Amino acid sequence: MPELLLSVERSAMVSDLIENLAKLRQKVGMSQEALGNCVGKSRQKISDIERRTAPMAWDTYIAACVALDHAGAFSKEETPWYYEAKSKWF
């Protein structure tokens, strides 16, 4: 698959997560600080990502998805986009 296509797909996946990040965190009772600790980022960085003033790198996306999934933030009924994206990670 061409690298450009991968980048476009990844960008769309990251955008979907950023759009829903605060809501997903709150759903499982996870603070910005707790998520930051899980993904190796500061609370401020998570805040910046949620406010769309900082980009989210691919490795942070994967780490955040894993942390939120482990906490029970995703369901096939409420977040089908996550399961579709997950099948394309690798």
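What you are looking at is a predicted structure, and each value in this text was computed from that prediction instead of being measured. Quick note: numbers below take in every heavy atom, side chains included, and nothing from hydrogens, waters or symmetry partners.
- Ile46 CD1 to Met30 CE: the interatomic distance, rounded to the nearest 0.5 Å, is 10.0 Å.
- Among residues two or more places apart in sequence or in another chain, the salt bridge (charged side-chain N to carboxylate O under 4.0 Å, His left out) test is passed with Lys45 by none.
- Between Phe74 and Tyr82, the angle of the ring planes stays under 30°, which puts this pair in the parallel group of the 30/60° scheme.
- Annotation: salt bridge (charged side-chain N to carboxylate O under 4.0 Å, His left out) contacts involving residues 67-76, sequence neighbours excluded, comprise Asp69-Lys86.
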Hey, can you pull the donor-acceptor pairs under 3.5 Å for the side chains in residues 12-20, sequence neighbours left out?
from  : atom 1 : to    : atom 2 : distance (Å)
Ser15 : OG     : Ser11 : O      : 3.0
Asn20 : OD1    : Lys23 : NZ     : 3.3
Asn20 : ND2    : Asp16 : O      : 2.7

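- In terms of the side chain to side chain contact (heavy atoms under 4.5 Å, CB included) criterion, residue partners of Glu33 (sequence neighbours excluded) are, by chain and number, Ser31, Asn37, Arg43.
- A side-chain contact (heavy atoms from CB on, under 4.5 Å) with Ile49 is found for exactly one of Leu35, Leu21, Val39, namely Leu21.
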Return all side-chain donor-acceptor pairs below 3.5 angstrom for residues 52-66, not counting sequence neighbours, or 'none' if the list is empty.
from  : atom 1 : to    : atom 2 : distance (Å)
Thr53 : OG1    : Asp48 : O      : 3.3
Tyr61 : OH     : Trp89 : NE1    : 3.4

